[in-house]
Structure formats: C-alpha cells, structure tokens
Amino acid sequence: MSRLMALWLLRAAAAVHESRDWLTGLDAAIGDGDHGINLDRGLAAVAQRIDAEGVLRDPGGGAGAGRAGAAGPAAAGPGVSDAGAAGAGALLTMAGTTILGSVGGASGALYGRAFLAAGRRIGELTGATPPSDDRAIAVEAFDAAVAAISVLGRSAAGEKTMLDALVPAAGALRSGCARGAPIADCLEAAAEAARRGALDTIPMVARKGRASYLGERSVGHQDPGAASSVILVSALADVAANRRGG
Amino acid sequence: MIAMVLVAHSVELATGLRRMLAQASPSVPVRIAAGMDGSRLGTSALAVEKALRSALGDAGGDDVLVLLDLGSGAMAIEVAIETLPPGDRARVRVSGAPFVEGAILASVAAAAGASIDGVLAAAAGSSAMPKLPDDWPR
C-alpha cells in the first residue's frame, strides 16, 4: 500500500503541476488567484521528499536507500519507506506536514489536515485486530480526510467548496467497496463522483472562503478547491488502475 | 510577561508592525508568522506553530496573545494551536481585533502589567477608538 501512496503522490504532483494555470485561473475568478501555484508548490515539495527518501527505489520498501531515508527526521514510528499500510500512513502524514508548511492559507490548512487525518487513521487501523483489509482502510482513511476538512472548514457539501467533490467521492468509494468491487473500480467511481460534484459547484453561490465575499458573482465558476480535489482523486484512481493492469 | 504573536499574509506588514510595537512597548516579546518562503504572500500553519512555541517560551508562565491581519489566517492558527500540548493550548488566546490598532493597544496594556483578560479587552476596544478627530471635515 505504501508504494501505491508514493506513486499516487507523485502522480498527483505531476497532475497539479500540469493543471496549475487552469486552477489559478479558477481561483482568479472567485478567489485570490494563487490556488494552483500554492498547491503545485506544496505537492512538488512532497514529491521531492518522496524522491529523497528513496521510497520507490526499493520495491521491498525496507532495505538499502529506503532504510537510510527512514532513519532521517521523525523516524520514530513507521518510516515512509516501510512497506504496507504502516508506510502508507507515514507517507500521508509526511504529505500533510509538508503541505501545512508550504501551501498557504485555507487550502494548506485543509489539505494538510486532511492528509494528516488520513495518515493517522491508517496508523490506527494498521495495528488493529482483526486486521482490516486494504479497501476498508482506504474507505476509513478517505472518510477521516473528509471529516477533517468539514470540521476545520466548518463546512458541508452545498457551499461551493472542495467538499462538493470529496463528499460524493467518499460516498462512491464506500458503496463500491461495500458491494465488494475491486479497489481500483471503487476509486474510479469515487473519481467520477468527484468530477460530477466539482461541476455541480458551477451554479452554486459560495458560502465559504474568499469566494463567499463575491456572493452571486461566484455563480458560473467552478470552485478551485473542488477542481483540485478532482485532480487528486483522479490521480489515485489512475494509479490504482495501472497497478491492477500491470 | 505576556508575549505576542503577529500572524499576517505579508512578512513586511508583520515586521513593520513589530517595529512599531518595539517602539511603543519594548518590554513585550513579539514573534511573527507571516508570508510564505521567498516573498510569497500567505500564512503557514507550521510557521504559526513555530512562532507560538517561541512565544510560549518568551512568556515564561504567562499567556500568549495572537493577532491576525485577515480572517483567512484563522485556519492556520487553529491548526497550529492544536499541535500544542493541552497545557500550552490553554495559554494561547486569539483576538479578532484590528491588526495594527489591536496590537498596539494590547502591547501597551501588557507592558503596563495587565492580565491576559485586560490585554484582550484592550485589543477588542481598539475598534471603537476613533482614528480621526471629531471635527474632521467630511
């Protein structure tokens, strides 16, 4: 699972980088025009740390360069190079901390806390008895991320925020996995739900954040936080599908 | 002695205000968390955390007062406070007062030995203080 998380974070960083100007354009319309640049910088920092820690150099996830990386800062507890769920949790925690330090404002706080909450939940479930399967862990981690955003942002779906993409995505992930579908299919369903949710923000009036100052003038524009959430969830679905397809 | 933390999107803004506070109340320790790396505008939860930890040390056993320039910095402050141990969390108070006026009045009150509640009240009262003389022509 940790390899999947590392691949996802790298893919997400690349996808956000590609879409940086588009995201910034969305944010220029109804925000302060820095969402794309900010998130790009934050995820680039995450990607750099993944490269530096050598997480993907060793598929076994523990020997050689990987272990040396895990002996670096914050080495108490599972290192990012540990294979399996423990490493996945550590990776998400690292991503959250990195984002908190490098992505400013509300986006940094919200995404940072979301990653930290997901990482923490994976850590809690990893030691659990009976051990949870990967799908159950994924669903719980996603839910934890969404809950963290909802609490910190004092927000819910329908207010033209990233939650309008993430809440439907969490629901699709949960129901797909409950039906027993393979994780890649559940994540594809989640990505599709996120895409639809983000498009649904276009006619909404913003009730939170900088865009809420625009009131009716925020109508007709897609929320940039929802748009970037789609990119992240889609990247996760893509990576999961490649993995299955070989 | 009560210590202060200034949270702002611009490092120049925070640094300038800190200089004003140093002139008004040199005995009050002031830390800043402002801007992002380079010269970017923004607030970072990690920077706020760092400033809070330093200010808690500066204050000895006293409390820390946080002021912010815009409401969009509140989330970074909230996240930062939640990283602190519970005992320290209770020592951090945040004021929604106007950034410059609130900071000045708060630091003057702190330097005069006011309690944290007195300092908070001073900051809160700053928004009611007229900036222009009563006979200012419209």
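The chains referred to below are lettered A, B, ... by the order of the sequence lines, with proteins before strands, and numbering in each begins at 1.
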Hey, what do you get for [atom1] ([X]) to [atom2] ([Y]), rounding to the nearest 0.5 Å?
| X | Y | atom1 | atom2 | value |
| --- | --- | --- | --- | --- |
| I37(A) | M36(B) | CD1 | CE | 12.5 Å |
| R41(A) | R40(B) | CZ | CZ | 4.0 Å |
| L110(A) | M75(B) | CG | CE | 4.0 Å |

Is there any residue in [range] with a non-hydrogen atom under 4.5 Å from a non-hydrogen atom of chain A, and which ones are they?
| range | value |
| --- | --- |
| residues 117-138 of chain B | none |
| residues 78-114 of chain B | E78(B), V79(B), E82(B) |
| residues 43-57 of chain B | T43(B), S44(B), A45(B), L46(B) |

Completion exercise
Sorted by chain and residue number, the ring pair (Phe, Tyr, Trp, His ring centres under 6.0 Å) partners of Y111(A) (sequence neighbours excluded) come out as none

Handout entry: Selection from N38(A), L100(A), I99(A), T97(A) maximising heavy-atom pairs under 4.5 Å formed with chain B
Key = L100(A)

Fill in the blank from the handout: Counting heavy-atom pairs under 4.5 Å with chain A, the top scorer among A76(B), S72(B), G42(B) is S72(B)

